[in-house]
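Worksheet: the structure to be examined is printed underneath.
Along the sequence shown, the residues carry numbers beginning at 1.
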Amino acid sequence: MRSTAAAADVIDLSSDDDDEVPVPSTSAAAAAAARRVAPSTSPRDVTPYALVDVKPALLYPLQPPGVVVGGSGALVPVKEELPVLTPVPLLAAGYSPSTPSTKVTLPAPRLCRQFWKSGDYVVAQRNPDADAPGGRNRLRINPRFLHSNATSHKWAFGAIAELLDNAIDEVNTGATFVRVNEFTNPRDGSSSLLIQDDGGGMDPEALRRCMSFGFSDKQSDALIGQYGNGFKTSTMRLGADVIVFTQNQNNWVPTRSIGLLSYTFLMETGCDDVLVPTVDYQYDISTASYTQMLRHDQKLFSSNLAILLKWSPFASEAELLKQFDDIGEHGTKIIVFNLWFNDDGDMELDFNSDKKDILITGAHRKVNTNKADKVATQNYVSTRLRYSLRAYTSVLYLHIPDNFRIVLRGHDVESHNVINDLMYPECVLYKPQIAGLAELSAITTIGFVKGAPEIDVQGFNVYHKNRLIAPFWKVANNSYGKGRGVVGILEANFIKPTHDKQDFEKSVLYQRLESRLKEMTYEYWDLHCHRIGYDNKKLPKSSRALNRANQMNAGSSPPIVPRQLLAADIPTSSCAVPTFMAPALRQKQMGLKRNIDALGSKTDSADQDGSHLDVSQRRRCLQYEESAKQLALKEQKLRSQIALERKKYEELLQELRSLDVKTEK
């Protein structure tokens, strides 16, 4: 068994095999614990280790002999049968400044609120257990790793997207919404970020795995998250501290757990290891209330609770438990506080400029201009997603699950399908052939964005497992305007994204895809650029003259193909890919044949059937295309007339029902 001195300094941060004993959580007990800490101190001055009489200026990380770290990097008490050396007193009761000591202590460092400058970390004092004879070898994680790990996110919205991914993955456990909003820190009134979902929640063990390193329970290929590192990187990128409230009903035993990952706490106490205080509560049927769940003993629970009350936004246990009121029977609430500042000293996330949105401070520099093309480009989603969270989340997922809502600051986010913005869309099947693997394919929908060429937008939205990785990826150089306005959408599950999910790994498959999308852009431009007013020199002179005459007679932009004629939701296994022009015809017009060898490399050869179709056949093809568009417009007009007549009929029928008409017998 552990000695009393050793047990007194232990903070439970990980799973163990000890029995969990529910203990009633009463206000009287909490008040008595507070009186034992400091009779006349404010809640913020509560000592982090109330029942051990450790002073607030904690200079020694608490790791006595007999304590090891589990796979999560968290402290786990160990039952020792062998005698252990008495640890150095950690500012225990009876300590005074005059007490002789050979330890040299450094002042606790102050945390810089600018993210890219907050990585300077100084350990105030090494844990005396680290060099103690008989000490156990284990993994130690320096708190500086929290910051360096978070630097993988260069963009704040990318970090928020990681937390949204976790909520989307909870759809399998019944999640119906994820809420993103501003939260006011009750201690100082500063703005914090709140992300809440009604998924399955986490039990005590799952919470510890979530807040530790090296764990991932996501084994399905359908889930977005895979690495088990997103929560730490994203929350530490957004702010210095995060507190998690989660409620779970696994095994029909409702539990509540609270965990705190605080870079501020680690920095200002000079810890040389990552400590994550957590407390758990379990529903007691006999009392119909939640009681404290002790993983070791009451002292350990009170010690962790004291740290939470000192370093979190909540100053009492009652305030902590009140955060579960709006969670429901199951779900998770994440509050990121002490949000980072940018290099100008302003908070990186802007909650004030738009009450329905969250913006990145300083990222939106609107140019005052009267030119319609510049205004249209500024207002398009490709520009707004760089600084507007609402715009970014509207295109973040290719398909939002049914009955699931993303609620941003009290208003639902409407999904923006870029396919609906395209004129003259085509679907192109791309098959990267890899030796030894099953056949892979991706369908790319490509077209001119509405308003082209006035709107200066170009690129491909590339998704991976329904998640946007590369927004408007510009693969082609639009020199001399070539490729301007060409936009495409595809889901490429055959290449792997980077850990921050903001780019793809630069593999051979990635390079092949980039090359093919570039070719696809130029091919589409060469076939259709005359439709938006450009002189297509690859067409015969007669066709070019006909196009110019049609544009002069029309005097307006070309008609838009109705959405109902598109087959956007095509399974990747489909063999027949709908296009507005047959692939063979497109290849003949380009004068090239494209062959794919076993390694997926493309070779171009001269068309043996003739480099060009004759003029009459080309004119006939153009006539067929125009006829198809006219028929589509006529169909749309007829449908509108039918809908209007049906509405009039319903109104007349309703009016008839409202009249008191009696039939004669």
Problem set entry | For the student: nearest non-hydrogen atoms of S312 and L320, plus distance | OG-CD2, 4.2 Å
For this session: Please report the C-alpha distance between K333 and D326 in whole Å, then the side-chain angles of each, then the deciding distance to 0.1 Å, and finally whether the salt bridge (Lys or Arg N to Asp or Glu O under 4.0 Å) criterion is met.
Result: CA-CA 9 Å; K333 178 189 291 186; D326 62 347; 2.9 Å; yes
Exercise. Are F183 and F351 near enough that their ring centres are under 6.0 Å apart?
Worked result: no
Exercise. Are D357 and R384 ion-paired here, with the side-chain N under 4.0 Å from a carboxylate O?
Worked result: no
For this session: Compute the ring centroids of F314 and F245, then answer whether they are less than 6.0 Å apart.
Result: yes
Exercise. After noting the C-alpha distance and the side-chain angles of D203 and N248, does the key distance pass the side-chain hydrogen bond (donor to acceptor under 3.5 Å, both in side chains) rule?
Worked result: CA-CA 6 Å; D203 59 25; N248 178 270; 5.6 Å; no
For this session: Report the C-alpha distance between R295 and E205 in whole Å, list the side-chain angles of each, state the deciding distance to 0.1 Å, and finish with yes or no for salt bridge (Lys or Arg N to Asp or Glu O under 4.0 Å).
Result: CA-CA 11 Å; R295 302 174 64 82; E205 296 298 333; 2.9 Å; yes
For this session: Can you spot which of N166, N172, T173 makes a side-chain hydrogen bond (donor to acceptor under 3.5 Å, both in side chains) with E170?
Result: T173
For this session: With salt bridge (Lys or Arg N to Asp or Glu O under 4.0 Å) as the test, would you mind laying out the steps for R237 and E348 before giving the verdict?
Result: CA-CA 11 Å; R237 172 60 184 86; E348 193 171 14; 2.9 Å; yes
For this session: Count the heavy atoms belonging to other residues, nucleotides or ligands that lie under 6.0 Å from CD of E329, then report whether that count exceeds 12.
Result: no
For this session: Could you tell me whether the side chain of D241 and the main chain of T264 form a donor-acceptor pair under 3.5 Å?
Result: yes
Exercise. Where do D280 and R208 land on the salt bridge (Lys or Arg N to Asp or Glu O under 4.0 Å) test, with the steps shown first?
Worked result: CA-CA 11 Å; D280 307 302; R208 284 157 176 79; 2.8 Å; yes
Problem set entry | Any residue meeting salt bridge (Lys or Arg N to Asp or Glu O under 4.0 Å) with R390, in chain and number order, not counting sequence neighbours | none
For this session: Specify whether H364 and Y387 have parallel, tilted or perpendicular ring planes, treating 30° as the upper limit for parallel and 60° as the lower limit for perpendicular.
Result: parallel
For this session: For the pair F157 and Y392, name the ring-plane relationship: parallel under 30°, tilted 30 to 60°, perpendicular over 60°.
Result: parallel
For this session: Please name the pair of heavy atoms, one in D500 and one in D503, separated by the smallest distance, quoted to 0.1 Å.
Result: OD1-N, 4.3 Å
Exercise. Relative to each other, are the rings of H147 and Y263 parallel, tilted or perpendicular (30° and 60° limits)?
Worked result: parallel
Problem set entry | Residue list, salt bridge (Lys or Arg N to Asp or Glu O under 4.0 Å) with R405, at least two apart or on another chain | D412
